[in-house]
Student: 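Have a look at the structure that comes next, please.
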Amino acid sequence: MGKKVAVKVVIGVAFVSLLLGLGVGERLNWSPTGLPLWGQVVSPQVQPPPTTPQGLPDFVTLAKNLRPVVVNISTTQVSEGGSQRFSSPFGEDDPFNEFWKRFFGTPPPRGPSREKSLGSGFIIDKDGSILTNHHVVENAEKIVVKLFDERELEAKIVGKDPKTDIAVIKVNAKGDLPVAVLGDSDKLEVGEWVLAIGNPFGLDHTVTSGIISATGRHIGAGPYDNFIQTDASINPGNSGGPLVNLRGEVIGLNTAIFSRTGGNIGIGFAIPINLAKELIPQLKSKGKVTRGWLGVVIQRVTPEIAESLGLNRSQGALVASVSKDGPADRAGIKVGDVIIEFDGKEIKESNDLPLIVARTPLNKKVRLKVVRDKKETALSVTIGELKEQEVLAAVPEKGNFGLTVQTVTPEMAQSLGLERVEGVVITTVQPGTAAEEAGLRRGDVVLEIDRKPIRNLGDYRKALGETKKGRGVLFLVRRGESTLFLALKPS
């Protein structure tokens, strides 16, 4: 009896092996990896992006799935009137323009008027919360949201953040609304397919496709620039709409375009969704964003400045000014320090620092590294709160070196707002010289040359006399209420 059972088992195993060998297992969805061994935990597999039978991205399915979460936003603002510029009723090229102006005069100033504008947004919570751009709803007297089912609902601003151009608005709709899935913008790769969805020129639910052209773009929009660049078509009215990957996840908030005509030329920018995800809880609970503050004004380390400071490469954030009694001042950070690391994060460019500081929790004690006098120094700083009037941003690099200077007089000190009557002021900058190329200006007060203090003309002449031929010269100047470093490269 035992032998017969054994024979049956062997035959059964052989039959199953034969089926697998003939490929029947594939037809029945059997596979060695598909059947877990005892005690083995099977991890869920990430679903690949949908594709067509030809292997192309399935934009049709994505567009259908995402349509319900994208909304059209129309706003009404009251603009102050101004005087109207006269023009002929037949246009600017009318040869009788002067006749119309002489006999009919200039129209009277216009009074306040209502202006309408359009934008986009997408639903982030089933309670009716919608994410959009701050500039879409800025100064809006009335906000109307049009849903995918053609319902039009009035919305209220829940919270807004002008510095990152993000806002959350809310509508009161009956029932739960569909919600967009927010992805992870840190995992984006250049060359990845994306969709941009919005309402350009009022054309509801327009879908365009493209790729990720670049990440981490700084376009001069503010101190927290960190944009995704895409060639997916973005036009006026797309602002606030989602930028979506092939898994249907929102990875960006369409915000700006680069254009010489106002239309799309294949260069669009979106706010990374991870930045928005950090701010949404604060916007919904407090209506504003609380940020960390270091208390310094910084600027880029150019190759010329790096050479003047004895740095091996141009990296980090150069401290141009330190706020009195601010966190940096109390920590011992000085003008001329180059911050190369903050809270364990390397500072490759000066633009990296403002965003990292802003994301740091208040009162957190942070370790940072600076290069001072060609040596690395570790410091500890306790992060404060950024007030509305305070900014941590890159200083525009403008300055001079075919110079005429003179000693600061008491009258000059008073007009320039200087606390002490010392230093030299630039009175002339010769065109085409190293000083003009570096950006020095008439009225700049020279505070240092190659890190040596300049109190009078004698210090100025001595410092210039000690510079080495062919090497850059580092100026620290005061311009208005700010100080900045400028590196002059002798011709």
Side-chain angles (χ1 to χ4, degrees), residues 60-78 114-162 164-183 195-208 234 236-245 247-255 270-271 273 275-289:
V60 174
T61 301
L62 283 173
K64 286 180 179 178
N65 292 341
L66 291 163
R67 187 174 185 273
V69 304
V70 182
V71 302
N72 185 329
I73 300 174
S74 60
T75 63
T76 305
Q77 298 101 357
V78 176
R114 280 181 166 78
E115 296 180 354
K116 292 189 175 182
S117 60
L118 297 173
S120 307
F122 53 95
I123 304 168
I124 57 172
D125 196 318
K126 59 185 180 181
D127 68 356
S129 295
I130 295 167
L131 189 66
T132 185
N133 284 131
H134 169 260
H135 76 259
V136 170
V137 296
E138 185 179 13
N139 300 323
E141 185 182 63
K142 185 178 181 181
I143 305 171
V144 176
V145 169
K146 184 178 179 181
L147 302 177
F148 71 101
D149 57 9
E150 302 298 322
R151 280 185 292 169
E152 293 189 0
L153 304 171
E154 193 164 339
K156 300 294 182 185
I157 296 176
V158 175
K160 55 186 180 178
D161 182 44
T164 55
D165 199 14
I166 291 173
V168 174
I169 61 176
K170 186 177 181 182
V171 296
N172 291 321
K174 293 181 180 179
D176 292 343
L177 294 174
V179 177
V181 177
L182 306 185
L195 290 183
I197 307 177
N199 305 287
F201 305 106
L203 301 171
D204 289 0
H205 295 90
T206 297
V207 179
T208 58
I234 297 174
N238 269 109
S239 290
L243 189 69
V244 185
N245 63 20
R247 289 181 291 278
E249 301 165 339
V250 178
I251 45 83
L253 183 70
N254 298 324
T255 299
I271 298 168
I273 199 63
L275 176 59
K277 286 194 291 187
E278 291 178 11
L279 305 184
I280 288 171
Q282 291 191 60
L283 292 176
K284 293 182 73 172
S285 62
K286 300 187 295 185
K288 63 176 186 177
V289 175

Student: Work out which heavy atom in Ser129 is nearest to a heavy atom in Val168; give both atom names and the distance.
Tutor: CB-CG1, 4.3 Å
Student: With a 4.5 Å limit on heavy-atom distance, are the side chains of Leu253 and Asn133 in contact?
Tutor: yes
Student: By side chain to side chain contact (heavy atoms under 4.5 Å, CB included), which residues pair with Ala63, not counting sequence neighbours?
Tutor: Val207
Student: Suppose we screen for salt bridge (Lys or Arg N to Asp or Glu O under 4.0 Å). Which residues come up paired with Arg67, at least two apart in sequence or across chains?
Tutor: none
Student: Scan for salt bridge (Lys or Arg N to Asp or Glu O under 4.0 Å) pairs involving residues 168-178, sequence neighbours excluded, and state none if there are none.
Tutor: Asp127-Lys170
Student: Does the side chain of Val158 come within less than 4.5 Å of Leu283's, by heavy atoms?
Tutor: no
Student: Holding to side chain to side chain contact (heavy atoms under 4.5 Å, CB included), I want the full list of residues that pass it with Pro178, two or more places apart in sequence or in another chain.
Tutor: Pro68, Val69, Phe148
Student: For His135, which residues count as a side chain to side chain donor-acceptor pair (under 3.5 Å) partner, sequence neighbours excluded?
Tutor: Asp165, Ser239
Student: Tell me the closest heavy-atom pair linking Pro242 and Val70, and the distance in Å.
Tutor: CG-CG2, 3.8 Å
Student: On a heavy-atom basis, which atom in Arg151 and which in Ala173 lie closest, and how many Å separate them?
Tutor: NH1-CB, 4.1 Å
Student: Say whether, by atom type as modelled, one donor and one acceptor occur between the side chain of Ser120 and the main chain of Thr132 under 3.5 angstrom.
Tutor: no
Student: Which distance, rounded to the nearest 0.5 Å, do you find between the OG1 of Thr76 and the CG of Asn139?
Tutor: 12.5 Å
Student: Give the minimum heavy-atom separation between Asn199 and Asp204, together with the two atoms involved.
Tutor: OD1-CA, 3.0 Å
Student: Atom OG1 in Thr208, atom CG in Leu195: separation rounded to 0.5 Å?
Tutor: 7.5 Å
Student: Checking Ala155 now: which residues fulfil side chain to side chain contact (heavy atoms under 4.5 Å, CB included) with it, not counting sequence neighbours?
Tutor: Ile143, Val145, Ile169, Val171
Student: Is there a side-chain contact between Ile273 and Leu131 (heavy atoms, below 4.5 Å)?
Tutor: yes
Student: Restricting to non-hydrogen atoms, name the atom on Leu182 and the atom on Lys277 that form the minimum distance, rounded to 0.1 Å.
Tutor: CD1-CG, 3.8 Å
Student: By side chain to side chain donor-acceptor pair (under 3.5 Å), which residues pair with Asp125, not counting sequence neighbours?
Tutor: Lys284
Student: Which residue pairs pass the salt bridge (Lys or Arg N to Asp or Glu O under 4.0 Å) test with at least one member in residues 152-161, sequence neighbours excluded?
Tutor: Glu154-Lys156, Asp161-Arg291
Student: So, using side chain to side chain contact (heavy atoms under 4.5 Å, CB included) as the criterion, who are the partners of Asn238 when residues are at least two apart?
Tutor: Pro200, Ile234, Asn235
Student: From His134 NE2 over to Ile157 CD1, what is the distance, rounded to the nearest 0.5 angstrom?
Tutor: 7.0 Å
Student: Going by salt bridge (Lys or Arg N to Asp or Glu O under 4.0 Å), name the residues that satisfy it together with Glu278, two or more places apart in sequence or in a different chain.
Tutor: Arg359
Student: Test of understanding: with side chain to side chain donor-acceptor pair (under 3.5 Å), list the residues that count as partners of Thr75, not counting sequence neighbours.
Tutor: Gln77, Ser117
Student: Measuring only between side-chain heavy atoms, which start at C-beta, is Ile197 closer than 4.5 Å to Thr206?
Tutor: no
Student: Is Asn254 reaching over with its side chain to a backbone N or O of Gly240, donor-acceptor style, under 3.5 angstrom?
Tutor: no
Student: Of all residues at least two apart in sequence or in a different chain, which pass the side chain to side chain donor-acceptor pair (under 3.5 Å) check with Gln282?
Tutor: Lys286
